[in-house]
Amino acid sequence: MIPGKYRSVSGRAASNVNCGLHLVIQTSSLPEKNKVEFKLNKETPSFPGRLLQHDLERNYSSRQGDHINLVSSSMPSFPILQRSSEEKILYSDRLTLERQKLTVCPIIDGEEHLRLLNFQHNFITRIQNISNLQRLIFLDLYDNQIEEISGLSTLRSLRVLLLGKNRIKKISNLENLKSLDVLDLHGNQITKIENVNHLCDLRVLNLARNLLSHVDNLNGLDSLTELNLRHNQITFVRDVDNLPCLQRLFLSFNNISTFESVCCLADSTSLSDITFDGNPIAQESWYKHTILQNMMQLRQLDMKRITEEERRMASVVAKKEEEKKRESHKQSLLKEKKRLIINNVARKWDLQQHRITNIATNQDGKDSDSQDHCQNDGSTISAFPEETGSLDSGLTSALQGLSVTDTHLVEVDGDTLSLYGSGALECLDRNWSVQTAGMVTTVSFTFIEFDEIVQVLPKLKIKFPNSLHLKFKETNLVMLQQFNALAELRRVDQLTVDPQGNPVVNFTLWKYYVLFRLSHFNMQKINGTEVTQNDMIMAERLFGILAHVASSELPQYHLISILGDARKKQFRYLLETKGKKPGIVNEENNDSKRLVGESTNRATLNYTTRDFYNEKLEEIKEKKKFCKMYIEDLVKEATEINMKNEALQKLWPQMFIELVRDAVMEIRNKNSYMKLCLQQITDQK
């Protein structure tokens, strides 16, 4: 049976030809008594669905009976159909051979004026012997076993072709049927829409229950008003927006899952009725409002009339979805940008580590060379691998490329402040809002040298006073002494040191050292593991003597300086708590108590960064140089004084003799000497 509109077309035509017929099939090999009669049912079942108002229906009237004789031809496989002259006159334009168990099309002679031919429900495998019916308008071959469309090239007047429920695999041989109005190919094995672009007058195309996976190649079907594609395997639709007259499109029970796969439907101005039920897309929450929002011209969706309220609701929901989509797109862009920046930071970090490794290697080579021999030309080895060519061109170009991209990232996500790249440390100089800064309890450092982090710890303590959890990943934590720098913070409850880029975690006792050195913080977790009392006891046993030795060996002036700092902390604590209630003191200054609680012995275990150490080294060198020059000047001056003294000792006896002699000679004449003295006194006045 033909479903829907096309089924009713052939049904009405068949009923109008009235099936109260006696069909007599006769062959030359059968005697007269062996005639076989088939009495057909007088009534055909009614077919549900809408009737196609085709022009040819108006000329069909019912009839009471019909006698048809099929006699053998010269070719035994093709019976010949014969009707009496009266029957030909009475029913000249139609012929029904429904349910006659025909395996081939009979030869129909003298029926060139036929307009309707019905071969429903037979076993015909090939269309043939009808090429002489050039006036044929309606051909029904529903429910047969036809595998190929053929034998229709001469039927130029054909307007309705019903080939549903056959075995056809390909649409072909329709080139001459340019007047075709209805083409029914449902229930076949067709995998592709093709060879229909020339059917410019085609109004109805039924390809339901085939094997189609996509819809395209529909250009040229300018008169098509209805397209039935139910029960296929369709995943996407194209070219439908190029059909100017299409009104009804049935896509029920396919594999359409996204609106993007059928977005061309939104560009159709004529489409008014569409179905998507039975598709994955129909199960989505956004299905209905998305369809209505993008296809405003629709009157029916899934065979249900669309109300104005539904359109209004769809518009509201669509706007919300659009806002959500934009926000999601924005978040995706931000996430992708974050990923790219982190990749850039990671590449820069890798290049930097590669360069540091090369510098260390070159420096070791330089030291070993200097111990063995001096270079003949007196040239020095460059500390930078780029200058010596040890860094390959690919890495060099990559390093240069990063100069025009973001090389650091600062992100606040909830209570976590994440810093990627050394440039991110500059964010601590920003004017953070009190609310944002107060929310931050976790600070994560990634791809940043720990020595650079140490320099900003005082700022971190001030800017983010509630930070309790520190995370370090790819920060070059290589020795236990570096943990000493964390002692100057207000408070640390948790510490996470990722093994990646932090070799210090390979030391078995690193956690115990952290607990010992930062014992005044009463840490709760290290790398996600709860700190127990036994851990604290073990840390004290392992490293307690270390602090004692360090304080014993420390120079007295340095020890006094440390003690002075401790006293300053105590004094500052007393000033801050003066005049406050005990409860408030306990809550607000818990971190101050921790600082005061840091023992002097542990305070002697501090950490100096490489840069600071180098600066101190330069300062010490300058002081040594100044002291050396000052001492040299003093020694030189003392030497000159000593030499003068020795010369004076040698000359003094002779000088004394001469002084005595001159004095004796002057006072030898007493009167003359007195006059001379008085004269000198007078001259001075």
Side-chain angles (χ1 to χ4, degrees), residues 2 6 9-10 13-14 17 52 54-57 59-60 68 70-71 73-75 77-83 87-89 91-98 100 102-120 122-164 166-185 188 190 194-206 220-221 223-224:
I2 302 174
Y6 317 107
V9 170
S10 60
V17 181
L52 176 64
H54 199 275
D55 296 339
L56 59 89
E57 291 184 273
N59 298 322
Y60 296 157
I68 301 173
L70 291 177
V71 301
S73 65
S74 58
M75 294 182 294
S77 58
F78 296 111
I80 300 174
L81 183 141
Q82 293 181 350
R83 291 195 300 175
E87 292 167 347
K88 289 182 180 180
I89 294 172
Y91 309 111
S92 61
D93 60 350
R94 71 211 66 184
L95 176 62
T96 296
L97 296 174
E98 180 180 342
Q100 301 300 311
L102 296 173
T103 59
V104 295
C105 295
I107 297 174
I108 306 174
D109 286 333
E111 302 283 354
E112 289 77 9
H113 47 276
L114 279 179
R115 300 184 70 193
L116 183 149
L117 181 58
N118 182 3
F119 284 114
Q120 278 192 26
N122 283 288
F123 303 99
I124 298 171
T125 59
R126 185 177 180 186
I127 306 173
Q128 52 193 351
N129 300 326
I130 60 172
S131 59
N132 59 319
L133 308 177
Q134 297 184 7
R135 295 184 182 180
L136 198 64
I137 292 177
F138 190 108
L139 177 59
D140 189 350
L141 287 159
Y142 171 74
D143 192 17
N144 280 277
Q145 299 179 8
I146 298 169
E147 296 183 356
E148 181 183 6
I149 303 174
S150 62
L152 304 174
S153 59
T154 61
L155 307 182
R156 299 179 183 274
S157 298
L158 194 65
R159 297 183 65 184
V160 179
L161 177 59
L162 307 179
L163 290 169
N166 278 279
R167 300 176 182 178
I168 299 169
K169 295 181 173 61
K170 182 179 180 181
I171 304 175
S172 60
N173 299 319
L174 300 175
E175 290 78 11
N176 295 332
L177 306 184
K178 296 183 180 180
S179 298
L180 207 59
D181 189 77
V182 177
L183 177 59
D184 181 9
L185 292 168
N188 283 281
I190 298 169
E194 56 186 339
N195 301 319
V196 295
N197 306 94
H198 62 287
L199 302 177
C200 56
D201 291 332
L202 189 68
R203 292 195 299 118
V204 178
L205 176 59
N206 187 357
L221 301 179
S223 300
L224 193 67

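From Leu224, atom CG reaches atom CG of Leu202 across 5.5 Å, with rounding to the nearest 0.5 Å. Separation of atoms CD (Gln128) and CD1 (Ile107) is listed at 9.0 Å; rounding is to 0.5 Å. Considering CZ of Arg115 and CZ of Arg159, their distance stands at 8.5 Å, rounded to 0.5 Å. Of the inter-residue distances, the one linking Leu139 atom CG with Asn118 atom CG reads 9.0 Å to the nearest 0.5 angstrom. Atom CG of Asp181 and atom CG of Leu161 lie 11.5 Å apart (nearest 0.5 Å). Within the model, atoms CG of Asp143 and CG of Leu141 stand 11.0 Å from one another, a figure rounded to the nearest 0.5 Å.
Nearest heavy atoms, Leu97 versus Phe119: CD1-CE2, 3.3 Å. Heavy atoms only, all atoms of each residue included: Ser223 and Cys200 are closest at OG-O, 2.6 Å. For Leu155 against Leu177, the heavy-atom pair with the smallest separation is O-CD2, 3.0 Å. Scanning all heavy atoms of the two residues, the minimum distance from Asn144 to Phe123 falls at OD1-N, 3.3 Å.
Panel note: side chain Asp184, backbone Leu205; no donor-acceptor pair is recorded below 3.5 Å. Distance alone, capped at 3.5 Å, is enough to place a donor-acceptor pair between the His198 side chain and the Leu174 backbone. Counting only distance, with no hydrogens or angles, the side chain of Asn188 and the backbone of Asn166 share a donor-acceptor pair below 3.5 Å. No donor-acceptor pair closer than 3.5 Å links the side chain of Asn206 to the backbone N or O of Leu185. Checked by atom type and distance alone, the side chain of Gln100 pairs as donor or acceptor with a backbone atom of Glu98 at under 3.5 Å. In terms of modelled atom types and a separation under 3.5 Å, the side chain of Asn173 and the main chain of Ile149 share a donor-acceptor contact.
A 4.5 Å side-chain heavy-atom check between Val160 and Leu162 finds at least one atom pair inside the cut-off. Contact check for Ile171 versus Val196: side-chain heavy atoms found under the 4.5 Å cut-off. Using a 4.5 Å cut-off on side-chain heavy atoms (C-beta onward), Ser150 and Arg126 make contact. Leu95 places a side-chain heavy atom less than 4.5 Å from the side chain of Ile108. Annotation: side chain of Leu221 is in contact with side chain of Leu199 (closest heavy-atom distance under 4.5 Å). With a 4.5 Å cut-off on side-chain heavy atoms, Leu117 and Ile130 count as touching.
A side-chain donor from one of Gln120 and Asp140 sits under 3.5 Å from a side-chain acceptor of the other.
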ask   = Do Asp93 and Leu114 pass the side-chain contact (heavy atoms from CB on, under 4.5 Å) test, and can you show the C-alpha distance, the side-chain angles, and the key distance before you say yes or no?
value = CA-CA 4 Å; Asp93 60 350; Leu114 279 179; 5.7 Å; no
task = Before giving the answer on side-chain contact (heavy atoms from CB on, under 4.5 Å), spell out for Glu194 and Lys170 the whole-Å C-alpha distance, their side-chain angles and the decisive distance to 0.1 Å.
result = CA-CA 8 Å; Glu194 56 186 339; Lys170 182 179 180 181; 3.1 Å; yes
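None of Leu183, Asn176, Val182 except one satisfies the side chain to side chain contact (heavy atoms under 4.5 Å, CB included) rule with Leu180; the exception is Leu183.
Taking a 6.0 Å sphere around NZ of Lys169, one finds it holds more than 12 heavy atoms contributed by other residues, nucleotides or ligands.
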